[in-house]
2 protein chains.
Amino acid sequence: MSEAAIAETRPYHHGDLRRALVDAARRILENEGPSALSLRAVAREAGVSPAAPYHHFKDKGELLDAVAHVGWDMLGDCMTGAKARAADLAALMTEIGVSYVQFSQQHPALYRVMYDCSRDKDELPEGMQDNEDSAYCLVRETFRRVAGPEVQEVDIELATIAAWCAAHGLAEMSTFKQFEGLKEGLGGEEAFLRGVLGHLGMFQPSRPLKT
Amino acid sequence: MSEAAIAETRPYHHGDLRRALVDAARRILENEGPSALSLRAVAREAGVSPAAPYHHFKDKGELLDAVAHVGWDMLGDCMTGAKARAADLAALMTEIGVSYVQFSQQHPALYRVMYDCSRDKDELPEGMQDNEDSAYCLVRETFRRVAGPEVQEVDIELATIAAWCAAHGLAEMSTFKQFEGLKEGLGGEEAFLRGVLGHLGMFQPSRPLKT
DNA sequence: ACACCGATCTGAACGGCGTCAAGATGATCT
DNA sequence: AGATCATCTTGACGCCGTTCAGATCGGTGT
């Protein structure tokens, strides 16, 4: 049920309009895609006037930042789950990569908002490199555990970035129609993902880090 | 000089408005970025009314497609140049990867339009996998030459996709502010690019293809 | 109990956007 | 010269993000 439907019984002061707006935005993203995500549409969905959001967000960009933040949290949970599922350390990187791309396929509109926000500011999401539960830190920590003592810290950082770039690139391209034939030949979407990731050094269990 | 400035001496019928609109769009992209690229702004820059573009393009998306097409041609030329510069076959893949990312850094707004067009349609650009001069085919052909006879065609395709994903991901992330410190430590932007690419299997001359 | 105040929300407005229909213009062909 | 047709303009529509004055409410101090 949309918020607008229950708006009539709602008190004049909403109580938690900020959260309601973020939820409304996520509903629109899921149901109608990123192109339908206007500030006015979000306000409509939440059952308030077009100006109401401005008491909780500086502008549209700040609302999208809040939506993106929810997305990054979800992605972090998703990859923590992958960590729990991995049979052993050698398989962990591949599980993380597959989970990352699958998340982007399950929430394509949200994933797009997440990256658009980052690109607009030329910044990784806040806390991404510090917060222990973030996807970035999970990958880096995995490399640290895999790496022998001869591997330098800078190479761990570079490998993390490389893995991130590869996963993001695959996330953005895996939906291209031209690859459908190849996917069928390989036996499905996940086989395709594992096939591509298998060609990226750090996702190969036998050689996760450059020597 | 903007087209608007010489519009007064122009005949009523423009002659080549289609090309002029694409050029105007590219000027706006270079000077003001993607957010300033409205159909009306393009028409203003070209010195015509807001409705004039509709006689040459179905809608705004089709204009952007034309702009993107120019961009892909430029990228193809850029990477053909990289091929000519490469010392030997082993170094070619890295040269291609570096050139790809550098192109995205030299034309960030254009690069964004190129990919936005593809994502909107969930398609690689037209002819990308067929046209011999395209960046995609150049990479695939390089892998074919590097590969031994034991490597299957499907692995060449997967490696091409993997390389493309990695390069695209790096192109989108290399501008993030968080990496500036790391770049300095490595001795500059290009060292950073080579460092990241070095962790990606297919960009390592000694092992370009999964065995 | 009551007045007040700050936070919250509305309504109306502005300029800019993409798009379209109707009309004006000019090159081209007979 | 006159007809034709692609090309371009004018004016309009609805939607957008944003702002601002004013209405409304919840909580606080007296």
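Chain identifiers are assigned alphabetically (A, B, ...) following the order of the sequence lines, protein sequences preceding nucleic acid strands; residue numbering begins at 1 within each chain.
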Asks: Tell me the interatomic distance from Leu21(B), atom CG, to dC8(D), atom C1', rounded to whole angstroms.
Replies: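 Spelled out: CG on Leu21(B) to C1' on dC8(D) is 12 Å.
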
Asks: Please list each protein N or O that sits under 3.5 Å from an N or O in nucleotides 16-18 of chain D, with the distance.
Replies:
{"from": "dC16(D)", "atom 1": "OP1", "to": "Ser38(A)", "atom 2": "OG", "distance (Å)": "2.9"}
{"from": "dC16(D)", "atom 1": "OP2", "to": "Arg44(A)", "atom 2": "NH1", "distance (Å)": "3.3"}
{"from": "dG17(D)", "atom 1": "OP1", "to": "Leu39(A)", "atom 2": "N", "distance (Å)": "2.7"}
{"from": "dG17(D)", "atom 1": "OP1", "to": "Lys60(A)", "atom 2": "NZ", "distance (Å)": "3.1"}
{"from": "dG17(D)", "atom 1": "OP2", "to": "Leu39(A)", "atom 2": "N", "distance (Å)": "2.9"}
{"from": "dG17(D)", "atom 1": "OP2", "to": "Arg40(A)", "atom 2": "N", "distance (Å)": "3.0"}
{"from": "dG17(D)", "atom 1": "N7", "to": "Arg40(A)", "atom 2": "NH1", "distance (Å)": "2.4"}
{"from": "dG17(D)", "atom 1": "O6", "to": "Arg40(A)", "atom 2": "NH1", "distance (Å)": "2.8"}
{"from": "dT18(D)", "atom 1": "OP2", "to": "Tyr54(A)", "atom 2": "OH", "distance (Å)": "2.8"}
{"from": "dT18(D)", "atom 1": "OP2", "to": "Lys60(A)", "atom 2": "N", "distance (Å)": "3.0"}
{"from": "dT18(D)", "atom 1": "O5'", "to": "Tyr54(A)", "atom 2": "OH", "distance (Å)": "3.0"}
{"from": "dT18(D)", "atom 1": "O4", "to": "Arg40(A)", "atom 2": "NH1", "distance (Å)": "3.4"}

Asks: Send over the distance from Phe57(A) CZ to dC9(C) P, rounded to a whole Å.
Replies: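 Nearest whole value for this atom pair: 11 Å.
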
Asks: Output the rounded distance in Å from CD (Glu62(B)) to P (dC20(C)).
Replies: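 Going from CD in Glu62(B) over to P in dC20(C) covers 12 Å.
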
Asks: Go through it in stages, so that I can follow the logic: the residues are Asp130(A) and Arg140(A), the test is salt bridge (charged side-chain N to carboxylate O under 4.0 Å, His left out), and I'd like the CA-CA distance, side-chain angles, deciding distance and then a yes or no.
Replies: CA-CA 11 Å; Asp130(A) 317 308; Arg140(A) 188 173 51 192; over 6 Å; no

Asks: Grab the NE2-P distance between His55(B) and dC5(D) for me, whole Å please.
Replies: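 From His55(B) NE2 to dC5(D) P: 16 Å.
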
Asks: If I take atom CG in residue Asp16(B) and atom C1' in nucleotide dT7(D), what distance separates them, rounded to the nearest angstrom?
Replies: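 Taking CG of Asp16(B) and C1' of dT7(D), I get 13 Å after rounding.
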
Asks: Whole angstrom is fine here: how far is it from CZ in Arg18(A) over to P in dC9(C)?
Replies: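 After rounding, the reported distance stands at 13 Å.
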
Asks: Using a cut-off of less than 4.0 Å, is there contact between a side-chain N or O of His56(A) and OP1 or OP2 of dC9(C)?
Replies: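 For His56(A), the contact criterion (side-chain N or O under 4.0 Å from OP1 or OP2 of dC9(C)) is met.
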
Asks: Taking Trp72(B) as the fixed residue, which of Tyr136(B), Phe103(B), Tyr115(B) is the one that meets the ring pair (Phe, Tyr, Trp, His ring centres under 6.0 Å) rule?
Replies: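 Answer to the ring pair (Phe, Tyr, Trp, His ring centres under 6.0 Å) test with Trp72(B) among Tyr136(B), Phe103(B), Tyr115(B): Tyr115(B).
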
Asks: Ring-plane angle category for Tyr111(B) and His168(B), please: parallel below 30°, perpendicular beyond 60°, tilted otherwise.
Replies: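 Judged by the thresholds at 30° and 60°, the geometry between Tyr111(B) and His168(B) is tilted.
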
Asks: Regarding Glu190(A) and Arg194(A), does a basic nitrogen lie under 4.0 Å from an acidic carboxylate oxygen?
Replies: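 Counted as a salt bridge, because a side-chain N and a carboxylate O are separated by less than 4.0 Å.
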
Asks: Decide whether Arg85(B) and Ser99(B) meet the rule of one side-chain donor and one side-chain acceptor closer than 3.5 Å.
Replies: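 Note: Arg85(B) and Ser99(B) side chains meet the donor-acceptor criterion.
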
Asks: For the pair made of CD1 in Ile28(B) and C1' in dG16(C), what is the distance, rounded to whole Å?
Replies: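 Roughly 14 Å, once rounded to whole Å.
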
Asks: Side chains of residues 29-42 of chain A: which donor-acceptor pairs under 3.5 Å do they make with residues two or more places apart or in other chains?
Replies:
{"from": "Asn31(A)", "atom 1": "ND2", "to": "Arg27(A)", "atom 2": "O", "distance (Å)": "3.2"}
{"from": "Ser38(A)", "atom 1": "OG", "to": "Ala41(A)", "atom 2": "N", "distance (Å)": "3.0"}

